[in-house]
Amino acid sequence: MSLLEELSGIVGAAFAAEGFPSELGTVQPSDRPDLAQFQCNGALTAAKQAKANPRAVAEKIAARLKANPVFSKVEIAGPGFINLDLSDESLVERMRTLAADERLGAPRKGEGKTAVLDFGGANVAKPMHVGHLRSAIIGDTLQRLFRANGWNVVSDVHLGDWGLQMGQLISEIGRRGIAPIYFDPHYQGEYPAQSPVTMDDLEELYPAASAACKADPKRLEEARAATAELQAGRAGYRVLWQHFVNVSEAGLTREYGSLGVRFDLWNGEASVECLIGPMIQDLKARGLATESEGALVIPVAEPADKKEMPPLILVKSDGAVLYGTTDLATIIDRVRTSGPDLILYVVDQRQHTHFEQVFRAARKAGYSGKAQLEHAGFGTMNGPDGKPFKTRAGGVMKLYDLIAMATEEADKRLVEAGLATEYPEDERNDIARKVGIAALRFADLSSHRVSDYVFDLARFTRFEGRTGPYLQYAAVRMRSILNKAEEAGLESALKVAPSTPEERTLILQLLALPNAMAGAEHNRAPNILCDYVFSLAQIFSRFYTAHHIMSEQNRALQLTRLALVAATLGVLSKVLAILGIEVPARM
RNA sequence: GGUUCCGUAGCUCAAUGGAUAGAGCAUCUGCCUUCGAAGCAGAGGGUUGCAGGUUCGAGUCCUGCCGGGACCGCCA
């Protein structure tokens, strides 16, 4: 139980004893730290409901709370706020509990529950670009957070491998005559085991095919036909397609890995191919899917809709299926194999309507089981001009190049600061890489999920201010103190209660970890964790400046403060790990 | 045109219906012969796009308007 839950329970009991709903006892950190540590606003609501004087209600509640030794102060302020301070003894007791808990008080919100997280969404045969960055980073952080909160998580990269881009690529290869054997409809023998194209080839072929289809409707028609044939099972196309998938996966694994992103499943749209036919039969048989303008659709509009809700298209008039079809079949697959309580899609906000359609269709057909279906959308990463990020040449920047840029920039900053200059080259490169990734990840995660943000590498890689590198530095500094103490033979221990404002503020922030983790989960909002951890680092810096530990003469005080440093490092490391930020041993 | 998200300090961004709207950057003033100054202490900077409404209380909820992004049946 978190501190806030504990306090809310105590205050809630006081409300209940006065005949009010106990929910009114909700306690929150004070908006006015100069006045109190915590506050409860329930007396205002209670007074409204009972048509009573709010201060009078607050007085009754406060009278009951004053009897509880956990509080050192119970005051009524303003229109009826109840302000609370904890006794120093209560604070240190709760710190001891936290320090002894290997989970550091992480909430158990997800125990016994399973969540499928769908993020990544890279496309086979297309290079990963900056557009894939946010899904990967936000999704990965949510999977780490959900696991930390006790959820059983199944993450799925859900590759884009069954749509029109496959037909575009196949027809491009056919036109160029690169591998004619796959296009011979009469060929009966074995196909080569070796892929006719490399990843580099694909990176050149796809943009060319895409541009050609855009420019020429007939060319697009060809791509559509190839897509439909692939899906219909044309042998040569299938084998060729498998080559694309194999070649791509190796590259994608490396790119996601360089960001620290891992997936449990490398499924794709095509993984549910065998479910699509039966699903369509089922939907037709039950009258849920109907013909419309030559296509097969599921109407998902509802009478209460304010907005126009187009039907979900299952099968195009040319016989090919779309990603809405595979998304729907994927729900069936996930419900069968994982039995999830939640399926969370971390995908671009622009696809919100699409997911609304798919979710409605799934519920209508009864495919979603007990799973709550939810789209956690996010905004775009923009360039300095406020438009989606492009390279200087105006093209789409590859993720690989972006990471290289960040690492290079981080290295430049290390040189400027004269840091790590005398370290072995391997270690130095490793530090630059960790700092670069930290800069990228923290910048992306700290802006609110649904809003767009401006990409500014120089700002992200700074060591000052609200950045990933600053947090790494803070952690390294804490470790440095602990190392010094260890060399001096000091063993940290929470011997005495806090006695200074810096100590109390630090303890309160440490005890607030479960609330940050629960809040971030509830809102699917990593920026809550970023706020929390940056604030923790700042509070620690004040503590560190105010109290010089190694020269402290009072041994009990010294060991207690060392224990606070150790606890802070523990909490900081835990949150950074959730954010996917690695802390170097030294910098 | 319809729907939807957004509009907060010079810039980049926060703020479960609560008290005096907060951080970082930038600007200015102090603090390194003591644990890593990538830091700390302090200052200036705001009619929360505009106008109404609900509420004891609104950046937050409702209505209208202004401005921007996104989406609106066979792309993903």
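Below, chains carry the letters A, B, ... as their sequence lines are ordered, and counting in each starts from 1.
When distances are taken from the side chain of A:Arg350 to each of B:C75, B:C35, B:C71, the shortest belongs to B:C71. Between B:A76, B:A19, B:C56, one nucleotide has an atom nearer to the side chain of A:Asp31 than all others, and that is B:A19. Checking B:A19, B:A15, B:C40 against the side-chain heavy atoms of A:Ala77 singles out B:A19 as nearest.
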- Tell me, what's RNA chain B's dot-bracket, Watson-Crick or G-U with both distances under 3.5 Å, | for other-strand, [ ] crossing? (((((((..((((....[...)))).(((((.......))))).....(((((..]....))))))))))))....
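A:His132 comes within 4.0 angstrom of no nucleic acid atom, judged by non-hydrogen atoms across all strands. At the heavy-atom level, A:Asp531 lies under 4.0 Å from the strands shown only through sugar-phosphate atoms. Residue-level contact check: A:Val565 touches neither bases nor backbone, having no heavy atom under 4.0 Å from any strand. Among the heavy atoms of the strands lying under 4.0 Å from A:Val454 are primed sugar atoms or P, OP1, OP2 only; no base atom is included.
If you take atom P in B:G18 and the same atom in B:A51, they sit 23 Å apart, rounded to whole Å. For the P atoms, the distance from B:G45 to B:G64 is 37 Å, rounded to whole Å. Separation of the C1' atoms belonging to B:U29 and B:A21 is 26 Å when rounded to the nearest angstrom. Straight-line distance between the P atoms of B:U16 and B:G7: roughly 13 Å, to the nearest whole Å. B:C13 sits 10 Å from B:U8 when the P atoms are compared, rounded to a whole Å. Spacing of C1' atoms, B:G17 relative to B:G57, comes out at 8 Å, to the nearest Å. Taking atom C1' in both B:C61 and B:G73, the straight-line distance is 35 Å, to the nearest Å. Between the P atoms of B:U4 and B:C56, the separation comes to 29 Å (whole Å).
Heavy-atom distances to RNA chain B give each of A:Ser541 and A:Ser551 a nearest nucleotide, and the one nearer the 5′ end belongs to A:Ser551.
Side chain of A:Asp85 to backbone of A:Gln37: a donor-acceptor contact under 3.5 angstrom is found. The closest donor-acceptor contact from the side chain of A:Ser135 to the backbone of A:Val346 lies under 3.5 Å. Judged by distance alone, with hydrogens and angles left aside, the side-chain atoms of A:Arg219 form no donor-acceptor pair with the main-chain N or O of A:Lys214 at under 3.5 Å. A donor-acceptor contact shorter than 3.5 Å links the side chain of A:Ser573 to the backbone of A:Leu569. A donor-acceptor contact shorter than 3.5 Å is absent between the side chain of A:Gln472 and the backbone of A:Val583. Remark: side-chain polar atoms of A:Tyr532 are paired, donor with acceptor, to backbone N or O of A:Gln509 under 3.5 angstrom.
Stacking here means ring centres nearer than 5.5 Å and ring planes tilted less than 30 degrees, and by that measure A:His548 stacks onto B:C35. Both geometric conditions, a ring-centre gap below 5.5 Å and a plane tilt below 30°, are not fulfilled together for A:Tyr473 over the base of B:G36.
For B:A37, one of the phosphate oxygens OP1 or OP2 lies less than 4.0 angstrom from a side-chain nitrogen or oxygen of A:Arg477. At least one side-chain nitrogen or oxygen of A:Ser480 sits closer than 4.0 Å to the OP1 or OP2 atom of B:G36.
With hydrogens and angles ignored, no donor-acceptor pair closer than 3.5 Å exists between the side chain of A:Gln349 and the base of B:U4.
In this structure, A:Arg462 is not positioned above the aromatic face of A:Tyr470 in the sense of NZ or CZ being under 6.0 Å from the six-membered ring centre and within 45° of the axis.
Annotation for A:Pro526 and A:Thr141: closest pair CB-CG2, 4.0 Å, computed over non-hydrogen atoms.
Annotated as anti: B:C61, whose glycosidic dihedral deviates from 0 by more than 90°.
When A:Tyr323, A:Phe244, A:Trp241 are each tested for a ring pair (Phe, Tyr, Trp, His ring centres under 6.0 Å) with A:Trp162, only one passes: A:Trp241. Checked against A:Arg134 for a salt bridge (Lys or Arg N to Asp or Glu O under 4.0 Å), the options A:Asp444, A:Asp452, A:Asp348 give a single hit: A:Asp444.
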Pairs under 3.5 Å (N/O, protein and nucleotides 21-26 of chain B):
| unit_1 | atom_1 | unit_2 | atom_2 | d |
| --- | --- | --- | --- | --- |
| B:G24 | OP1 | A:Gln538 | NE2 | 3.0 |
| B:G24 | O2' | A:Arg466 | N | 3.4 |
| B:C25 | O3' | A:Arg462 | NH2 | 3.0 |
| B:A26 | OP1 | A:Arg462 | NH2 | 2.8 |

- Could you walk me through whether A:Phe442 and A:Phe534 pass the ring pair (Phe, Tyr, Trp, His ring centres under 6.0 Å) check? CA-CA 10 Å; A:Phe442 191 80; A:Phe534 180 67; 7.2 Å; no
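Remark: P of B:A58 and CG of A:Asn41 are 15 Å apart, rounded to the nearest angstrom. Atoms CZ (A:Phe81) and C1' (B:C56) sit 10 Å apart, rounded to a whole Å.
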